[in-house]
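Counting starts at 1 for both ligands and their atoms, following the listed order. Because the structure is a prediction, the values reported are computed rather than measured.
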Amino acid sequence: MPELPEVETVCRGLARALEGRRLSRVQQRRPDLRLPFPPRFAERLTGRQIVAIRRRAKYMLWDLDDGTVLLGHLGMSGRMQVGVGPLPELGPHDHVVFETGDGPHVIYNDHRRFGLMTLDHRDTVAGHALLAGIGPEPLGNEFNADVLSAALAGRRTPIKAALLDQKVVAGLGNIYVSEALFRAGISPEREAATVAGKRAERLVPAIRDVLNEAIAAGGSTLRDYVQADGELGYFQHAFKVYDREGDACPTCAKGIVTRIVQSNRSTYFCPRCQK
Ligand SMILES: [Zn+2]
């Protein structure tokens with residue numbers, strides 16, 4: 001499943017390929033993904049210029065010149081294939097095709113179809129049911145230790161579960177929560193309400209650092225994507241604790257990375273240096 005850094009990388013890659021371009025042809029090749037496509041989906045996009053492509057939580061927002069916003073999510077297995085020249089032969093999992101005349105084309109492929117694409121308007125999209133209630137962007141200026149502490153106040157759940165709640169902070173997934181708690185030296189089992197003061201002041205930059213490093217790693221895979229067919233959406237990134245059960249802790253060297261299950265999801269941490 002793509003996490004926030006991958007979605008950010010996809011958005012940046014799509015922006016480089018599509019911003020300023022006009023959609024000359026859009027093919028919608030099935031009636032639905034996780035949700036039905038809206039009425040006249042392809043027709044409403046055709047002929048429109050793409051002004052900007054941006055991310056909110058793990059959603060992509062394409063701003064079009066008439067105020068329409070294409071709101072999309074990659075689901076579990078969605079991929080954006082950017083290419084130049086003639087369209088390749090399309091497969092059964094190629095669900096949407098965006099063409100820009102002489103410019104690049106983008107094929108949305110999603111074999112599990114948990115992704116979605118819908119349309120809204122720039123004046124109302126922030127209140128769309130999929131986006132309303134989502135907390136602050138972890139990389140945005142509105143996210144800081146005070147905001148985080150306030151969101152965690154009174155929460156008796158483990159901090160791991162609280163950070164996965166999209167109302168607390170937007171777009172954090174299982175992998176990056178494990179990594180950020182490791183860097184901040186905070187046990188994933190600690191009661192969320194107790195992550196305040198110095199702990200919150202350590203956790204916010206830890207969250208930003210793990211995300212920014214992954215985005216930088218993903219960005220390096222974007223180079224030259226227009227020259228050759230480039231698939232956006234997934235990249236390998238080295239994690240310090242995630243999926244490293246049994247390894248020596250890279251911080252204290254004496255602890256052993258341990259896996260526990262919280263809310264049916266694996267958590268990896270060092271019991272020696274995360275308190
Ligand atoms: Zn350790």
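- Residue Leu4 holds its CG atom at 6.0 Å from CD1 of Ile215, rounded to the nearest 0.5 Å.
- Phe98 is linked by a ring pair (Phe, Tyr, Trp, His ring centres under 6.0 Å) to Trp62, counting only residues two or more places apart in sequence or in another chain.
- Residues meeting the side-chain hydrogen bond (donor to acceptor under 3.5 Å, both in side chains) test with Asp32, sequence neighbours left out: Arg30.
- Near-neighbour remark for the Zn ion (ligand 1): protein N, O or S atoms under 2.8 Å are Cys249 SG, Cys252 SG, Cys270 SG, Cys273 SG; waters not counted.
- Ring pair Phe269/Phe182: centre-to-centre distance not below 6.0 Å.
- Atom CD of residue Gln274 and atom OG1 of residue Thr267 lie 10.0 Å apart, to the nearest 0.5 angstrom.
- Looking at residues two or more places apart in sequence or on another chain, you find a ring pair (Phe, Tyr, Trp, His ring centres under 6.0 Å) between His73 and Tyr59.
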